[in-house]
Peer 1: 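The structure's right below; bear with me while I get my questions together.
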Amino acid sequence: MSNVRVRFAPSPTGALHIGGVRTALYNYLFARQNGGKMLLRIEDTDSNRFVPGAEEYIIESLKWLGIEIDEGVGVGGEHAPYRQSERKDIYRKYVDQLLNDGKAYIAFDTPEQLEAKRNEIKNFQYDATTRGMMTNSLTLDAEEVKSRIANGDNYVVRIKIEPGEEVEVDDLIRGKVVINSSIIDDKVLYKSADNLPTYHLANIVDDHLMEITHVIRGEEWLPSAPLHVLLYRFLGWADTMPRFAHLPLLLKPQGNGKLSKRDGDKLGFPVFPLEWTDPKTGEKSKGYREEGYLPEAVINILALLGWHPSSDQEMFTMDELIKEFSLDRVSKSGAKFDFEKGKWFNHQYLEKKDNNDLAVYLKKELDARGIKATDENIAKAAGHAKARANFANELWEQASFFFIAPESYDEKTAKKRWKAETPEIMSQLYTVFEGIEDFSLENTEKIVTKWIEEKGYGMGAVMNPLRLALVGESKGPHMFDITEILGKEETLRRLKKAIEVIPVSE
RNA sequence: GGCGCAUUCGUCUAGUGGCCUAGGACGCGGCCCUCUCACGGCUGAAACCCGGGUUCGACUCCCGGUUGCGCUACCA
């Protein structure tokens, strides 16, 4: 496919939720795979719902995830501006064209009047069957319309849908979808109150002008796709109409309904890529980034939510996704986010991550507590912790014992492992440690295991209490990995204290 | 209510008329490895929504229903 151009076109009405992120991702993968362009357009045609900071949030989120924008808000391009609120004049021109061609008309009905009609008539729809009884340029004479406009009356421009036609949408994911035009209402395309178009018009005009070839968006747009097809036709652009692909929705993990921004993080997992504070309510919502997810993991999770490769492979880098992705392997039904699997994915990526990269998470905690440690040891500790953590911010709790001596000892473990003979064995071990010059993993292990064998103590009788003494509980990596990082001095200090403090069981 | 889309293990899904005794992954259970935890290896339980057709043969095709979801705004 040549000259592929796709767009991600969110509204700045708050934080971008992961459903939106996935839409952006699929667009990006499709663009990259075909050597095309990925555009970012901000659809801020609803002045009432505009939320300050939302646009910056969207851009930062995409950047964090590695979804690159080739053209659009933040990067510019030859089709600028890319913010719909800055394209008013452009839309007005096409509104007039539709009006002149008799494809649209002006309506003066107020929201209150429409509300009244909806109450009066069951299943009221503003369409060919009802427009004759409403207040619009079809029922009013031309002079009246003119004077009302001159008078400053608010009006809207509605599309004039001819009933009884089967309108066909050829969807790349779902195949042919047919809807009868009779059930499409005369949608508002433009409102004089703020001189802005609604989504439907702005979307079609911009996609056409920006030479979009493929519209990849959420399934919630499928019902209005026929309206969009009609608009392309009315504007004379039917021959260059983009292809459509409607993605299945991301559903709430439990219960029903599609995932929404309002779900915040009440679901047990974040629904936003980055932490977000609602500027109106001050309410804070968690973000994947702050919860310790790695961007590569989030991408991988999202990619597989609604798409499946032709193999059983599950781990994908962005480059692999670009190679493998295809719209015809996108599933048709909605997907629920599985927190447990997300955890697993993140763990996989955490384990792959270089220890030095992970060290920064520990460094932060150490600095906050004023603890000094060598970079080498921090990296080593991070390496051991990453095998046991699911999220980057769990690293510290898995590694803190390397830097902070136990204050207390896990009671259950003490009861099980600290027997009558243990203090004596530990005292002997203390002496053994004292005699070791080279405290490296290999050397310490060699000497201690040899000593255990000679004494005939058994590994468990020595190692388990030693672990309790040095770590404080029954967890952690290989014992001599721990002593190596702790060093001789600290190992002896902890062991001595444990012998003094831990009570013998039974 | 109307219209549309969907419907395979708890979850994400494979499956395009015979390869299906329905496969993989997460999660869950067991065993092994082992100084602990985690990892890893092996292994177990776990699904074709229901009826009708079509066909020699349906998870796969058609029709109807169920259920879920979406849309039905001067929101996107």
Side-chain angles (χ1 to χ4, degrees), chain A residues 9-13 43-46 48-49 107 109-111 114-115 118 122-126 154-158 169 171 173-174 177-180 182-185 187-194 196-200 202-203 217-226 246 248-249 251-254 256-258 301 304-315 329 331-345 347 351 384-390 398 410 413 416-417 449 452 458-468 471 473-480:
Chain A
S11 294
T13 56
E43 308 222 328
D44 53 351
T45 53
D46 185 357
N48 298 319
R49 296 210 308 157
D109 316 273
T110 64
L114 289 170
E115 183 58 30
R118 278 189 267 265
K122 56 273 150 217
N123 296 334
F124 173 81
Q125 178 174 280
Y126 208 122
N154 274 343
Y155 65 90
V156 298
V157 175
R158 287 180 180 273
V169 180
D171 189 274
I173 294 169
R174 284 150 216 284
V177 176
V178 180
I179 290 183
N180 194 290
S182 299
I183 65 118
I184 304 175
D185 62 334
K187 279 264 178 300
V188 170
L189 299 178
Y190 187 85
K191 43 218 157 92
S192 71
D194 52 11
L196 278 169
T198 60
Y199 172 85
H200 304 291
N203 190 267
R217 67 216 322 185
E219 195 191 351
E220 71 266 28
W221 293 112
L222 190 54
S224 49
H246 289 93
L249 264 15
L251 274 16
K252 300 183 194 203
Q254 64 270 112
N256 315 318
K258 72 165 175 171
I301 293 166
L304 257 32
L305 233 41
W307 171 81
H308 194 276
S310 48
S311 70
D312 276 338
Q313 183 180 346
E314 291 215 284
M315 301 293 289
R329 292 196 66 85
S331 43
K332 298 182 178 71
S333 48
K336 292 177 182 171
F337 186 95
D338 182 0
F339 176 65
E340 289 300 330
K341 192 148 189 178
K343 214 155 95 174
W344 178 81
F345 266 116
H347 175 78
E351 285 225 70
H384 294 307
K386 73 180 181 184
R388 292 159 180 81
N390 292 315
Q398 293 295 337
D410 182 64
T413 311
K416 194 171 163 196
R417 307 292 194 192
T449 47
I452 292 172
M459 285 293 262
V462 177
M463 300 303 251
N464 287 317
L466 175 60
R467 180 175 298 279
L468 179 66
V471 177
E473 55 186 311
S474 167
K475 69 165 197 187
H478 187 63
M479 208 53 245
F480 299 102

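Every chain is numbered from 1, with letters handed out A, B, ... down the list of sequences.
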Peer 1: Could you check how far CG of Asn203(A) sits from C1' of C75(B), rounded to whole Å?
Peer 2: 13 Å
Peer 1: Looking at every strand, decide which applies to Val177(A) at a 4.0 Å heavy-atom threshold: base, sugar-phosphate, or nothing.
Peer 2: sugar-phosphate
Peer 1: Could you let me know what C9(B) is paired to, Watson-Crick or G-U wobble, both distances under 3.5 Å, or none if it's on its own?
Peer 2: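 Here C9(B) is not engaged in any pair, so there is no nucleotide opposite it.
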Peer 1: Given side-chain contact (heavy atoms from CB on, under 4.5 Å), test Tyr126(A) with Lys187(A) step by step and report yes or no.
Peer 2: CA-CA 8 Å; Tyr126(A) 208 122; Lys187(A) 279 264 178 300; over 6 Å; no
Peer 1: In whole Å, what separates the P atom of C48(B) from that of G10(B)?
Peer 2: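 Comparing P positions in C48(B) and G10(B) gives a spacing of 9 Å.
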Peer 1: List in chain and number order the residues that pass ring-ring contact (aromatic ring centres under 6.0 Å, His included) with His347(A), two or more places apart in sequence or in another chain; answer none if no residue qualifies.
Peer 2: none
Peer 1: Would you say the side chain of Ile301(A) lies within less than 4.5 Å of the side chain of Phe337(A), judging by non-hydrogen atoms?
Peer 2: yes
Peer 1: Rounded to the Å, how far apart are Ile183(A) CD1 and C71(B) C1'?
Peer 2: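 Roughly 9 Å, once rounded to whole Å.
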Peer 1: Taking the nucleotide of RNA chain B with the nearest heavy atom to each, does Ala335(A) or Lys191(A) sit closer to the 5' end?
Peer 2: Ala335(A)
Peer 1: How are the rings of Trp221(A) and His200(A) set to each other: parallel, tilted or perpendicular (split at 30° and 60°)?
Peer 2: perpendicular
Peer 1: Considering only the C1' atoms, how many Å lie between A47(B) and C12(B), rounded to the nearest integer?
Peer 2: 13 Å
Peer 1: Which value, in whole Å, describes the distance between the P atoms of nucleotides G65(B) and A6(B)?
Peer 2: 16 Å
Peer 1: Output, in order, the C-alpha distance, side-chain angles, deciding distance and verdict of side-chain contact (heavy atoms from CB on, under 4.5 Å) for Lys475(A) and Gln398(A).
Peer 2: CA-CA 9 Å; Lys475(A) 69 165 197 187; Gln398(A) 293 295 337; 4.1 Å; yes
Peer 1: Is Asp185(A) touching bases, backbone alone, or none of the nucleic acid, heavy atoms closer than 4.0 Å?
Peer 2: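 It contacts nothing in the nucleic acid.
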Peer 1: Looking across every strand, which nucleic acid part, if any, lies under 4.0 Å from Asp46(A) by heavy atom: base, sugar-phosphate, or nothing?
Peer 2: sugar-phosphate
Peer 1: Sugar-phosphate means primed atoms, P, OP1 and OP2; the rest is base. With that split, encode nucleotides 20-40 of chain B 5' to 3' as B, S or - using protein heavy atoms under 4.0 Å.
Peer 2: ----SBBS-------BBBB--
Peer 1: How many whole angstroms separate atom CG of Leu114(A) from atom P of A73(B)?
Peer 2: 10 Å
Peer 1: When rounded to the nearest Å, what value does the distance between C1' atoms of C61(B) and G15(B) take?
Peer 2: 15 Å
Peer 1: Can you check the Arg329(A) CZ to G15(B) P distance for me, whole Å?
Peer 2: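 Rounded to whole Å, this separation is 5 Å.
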Peer 1: Please give the nucleotide sitting opposite C49(B) as a Watson-Crick or G-U wobble pair, both distances under 3.5 Å, or none.
Peer 2: G65(B)
Peer 1: Determine the interatomic distance between P on A14(B) and the same-named atom on G53(B); round to the nearest Å.
Peer 2: 30 Å
Peer 1: Of the options G15(B), G1(B), A76(B), whose atoms approach the side-chain atoms of Arg49(A) most closely?
Peer 2: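 Within the option list, the nearest is A76(B).
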Peer 1: May I ask you to verify if any side-chain N or O of Thr198(A) is less than 4.0 angstrom from the OP1 or OP2 atom of C75(B)?
Peer 2: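 Looking at the OP1 and OP2 atoms of C75(B), neither is under 4.0 Å from any side-chain N or O of Thr198(A).
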Peer 1: Write down the protein N/O and nucleotide N/O pairs, taken from nucleotides 58-60 of chain B, whose separation is under 3.5 Å; answer none if there are no such pairs.
Peer 2:
none

Peer 1: Between Tyr190(A) and Pro248(A), just flag the one whose closest nucleotide in RNA chain B comes earlier from the 5' side.
Peer 2: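 Between the two, 5'-proximity favours Pro248(A).
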Peer 1: Going by heavy atoms in the side chains, are Lys191(A) and Asn154(A) under 4.5 Å from each other?
Peer 2: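 No - every pair of side-chain heavy atoms lies 4.5 Å or more apart.
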Peer 1: Tell me whether Lys341(A) is salt-bridged to Asp338(A), with the criterion being a basic N under 4.0 Å from an acidic carboxylate O.
Peer 2: no
Peer 1: Evaluate the criterion side-chain contact (heavy atoms from CB on, under 4.5 Å) for residue pair His246(A) and Arg217(A); output intermediate values, then yes/no.
Peer 2: CA-CA 5 Å; His246(A) 289 93; Arg217(A) 67 216 322 185; 3.0 Å; yes
Peer 1: Check the distance between C74(B)'s C1' and Asp194(A)'s CG and give it to me in whole angstrom.
Peer 2: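 Rounding to the nearest Å, CG of Asp194(A) and C1' of C74(B) are 8 Å apart.
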Peer 1: Atom NZ of Lys187(A) and atom P of C3(B): how far apart are they, to the nearest Å?
Peer 2: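 After rounding, the reported distance stands at 16 Å.
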Peer 1: Could you pull out the closest heavy-atom pair between Gln125(A) and Ile183(A), with the gap in Å?
Peer 2: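 That would be OE1-O, 3.2 Å.
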Peer 1: Got a donor-acceptor contact below 3.5 angstrom from the Lys336(A) side chain to the Leu251(A) backbone?
Peer 2: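 No, because the side chain of Lys336(A) does not come within donor-acceptor range (under 3.5 Å) of the backbone of Leu251(A).
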Peer 1: For the residue pair Ile173(A) and Ser331(A), what are the closest heavy atoms and their distance?
Peer 2: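 For Ile173(A) and Ser331(A), the tightest heavy-atom pair comes out as CG2-O, 4.3 Å.
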Peer 1: I'd like to know whether NZ of Lys332(A) has more than 12 heavy-atom contacts from other residues, nucleotides or ligands below 6.0 angstrom.
Peer 2: no
Peer 1: Distance check, C1' atoms only: U11(B) and U7(B), in whole angstrom units.
Peer 2: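 Per the computed distance, 15 Å lies between those C1' atoms.
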Peer 1: Strictly by Watson-Crick or wobble contacts shorter than 3.5 Å, is anything paired with C71(B), and which nucleotide is it?
Peer 2: G2(B)
Peer 1: Contact class for Ser331(A) (heavy atom, under 4.0 Å): base, sugar-phosphate, or nothing?
Peer 2: sugar-phosphate
Peer 1: Applying the Watson-Crick and G-U wobble criteria at under 3.5 Å, what pairs with C59(B)? Answer none if nothing qualifies.
Peer 2: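 Its partner: none found.
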Peer 1: Have a look at Ser192(A) and say if it touches a base, only the backbone sugar-phosphate, or nothing, with a 4.0 Å heavy-atom cut-off.
Peer 2: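 It contacts nothing in the nucleic acid.
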Peer 1: Give the rounded distance in Å between these two atoms: NZ of Lys336(A) and C1' of G68(B).
Peer 2: 9 Å
Peer 1: Under 4.0 Å, counting only non-hydrogen atoms across every strand here, what does Val156(A) touch: a base, just sugar-phosphate, or nothing?
Peer 2: base
Peer 1: Taking A58(B) as the reference, what is the distance to C26(B) when you measure between their C1' atoms (whole Å, please)?
Peer 2: 30 Å
Peer 1: Whole Å only: how far is the CZ atom of Arg217(A) from the P atom of C71(B)?
Peer 2: 13 Å
Peer 1: Could you work out the separation of U21(B) and C32(B) based on their C1' atoms and round it to a whole Å?
Peer 2: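 Rounded to whole Å, the distance is 27 Å.
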